[in-house]
Enquirer: 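Got a structure for you, written out below as structure tokens; questions coming shortly.
Position 1 is the first residue of the sequence, and the numbers go up from there. What you see is a predicted model, and the numbers here were worked out from it, not measured in a lab.
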Amino acid sequence: MTAETISTPCVKICVVDPVSGFCVGCGRTVAEIGGWRAMGEAERLDIMAGLAARLVAMRARSARGRTGGRGRSG
């Protein structure tokens with residue numbers, strides 16, 4: 001990586017979920033996205049390590065909302 005390259009989880013799907021506040025594409029918050037370039041690489045990597053879990057939780061919550069809060073039966 002060169003000094004000009006910054007690690008990023010961005011997948012160019014920039015839509016913020018209004019309930020969780022997370023981007024539906026990458027899982028970051030608006031504050032994290034806005035401050036990304038000012039962060040050190042270690043901080044960016046730390047945030048990126050937790051993004052998959054954020055996205056899973058956000059999608060699970062969204063799916064529960066579509067089923068009326070109930071899981072599948074049967």
Side-chain angles (χ1 to χ4, degrees):
M1 224 183 274
T2 67
E4 297 170 6
T5 304
I6 294 177
S7 299
T8 181
C10 183
V11 294
K12 309 263 190 274
I13 302 173
C14 304
V15 178
V16 176
D17 175 66
V19 176
S20 68
F22 298 140
C23 172
V24 300
C26 69
R28 293 180 293 172
T29 65
V30 172
E32 289 167 344
I33 293 167
W36 201 250
R37 288 188 171 272
M39 292 178 192
E41 184 67 3
E43 187 175 5
R44 287 191 293 267
L45 292 173
D46 187 50
I47 291 169
M48 287 192 293
L51 295 179
R54 287 183 188 180
L55 289 169
V56 167
M58 179 180 62
R59 291 172 183 152
R61 188 205 75 251
S62 180
R64 283 192 307 272
R66 287 192 301 272
T67 62
R70 292 174 285 171
R72 294 183 197 180
S73 60

Enquirer: Output the distance between atom CG (Leu51) and atom CZ (Arg28), rounded to the nearest 0.5 Å.
Expert: 7.5 Å
Enquirer: Can you check side-chain contact (heavy atoms from CB on, under 4.5 Å) on Arg54 and Ser20, steps first, answer last?
Expert: CA-CA 9 Å; Arg54 287 183 188 180; Ser20 68; over 6 Å; no
Enquirer: Please report the interatomic distance SG(Cys23) to CD1(Ile33), rounded to the nearest 0.5 Å.
Expert: 5.0 Å
Enquirer: Under the 3.5 angstrom rule, does the side chain of Trp36 hit a backbone N or O of Ser7 as a donor-acceptor pair?
Expert: yes
Enquirer: Using 0.5 Å steps for rounding, measure from the CE atom of Met39 to the CG atom of Asp46.
Expert: 10.0 Å
Enquirer: Does Val16 form a side-chain contact (heavy atoms from CB on, under 4.5 Å) with Val30? I'd like the steps, not just the answer.
Expert: CA-CA 8 Å; Val16 176; Val30 172; 3.7 Å; yes
Enquirer: Atom CZ of Phe22 and atom CG of Leu55: how far apart are they, to the nearest 0.5 Å?
Expert: 8.5 Å
Enquirer: Taking only residues two or more places apart in sequence, or in another chain, which ones meet Asp17 in a salt bridge (Lys or Arg N to Asp or Glu O under 4.0 Å)?
Expert: Arg61
Enquirer: May I have the step-by-step check of side-chain contact (heavy atoms from CB on, under 4.5 Å) for Met48 and Thr8, ending in yes or no?
Expert: CA-CA 8 Å; Met48 287 192 293; Thr8 181; 5.7 Å; no
Enquirer: Can Met58 be reached from Ile13 by stepping across I, L, V, M, F, W or Y side chains whose heavy atoms are under 4.5 Å apart?
Expert: yes
Enquirer: Following the transitive rule for hydrophobic clusters with a side-chain heavy-atom cut-off under 4.5 Å over Ile, Leu, Val, Met, Phe, Trp and Tyr, establish whether Val56 and Val24 coincide in one cluster.
Expert: no
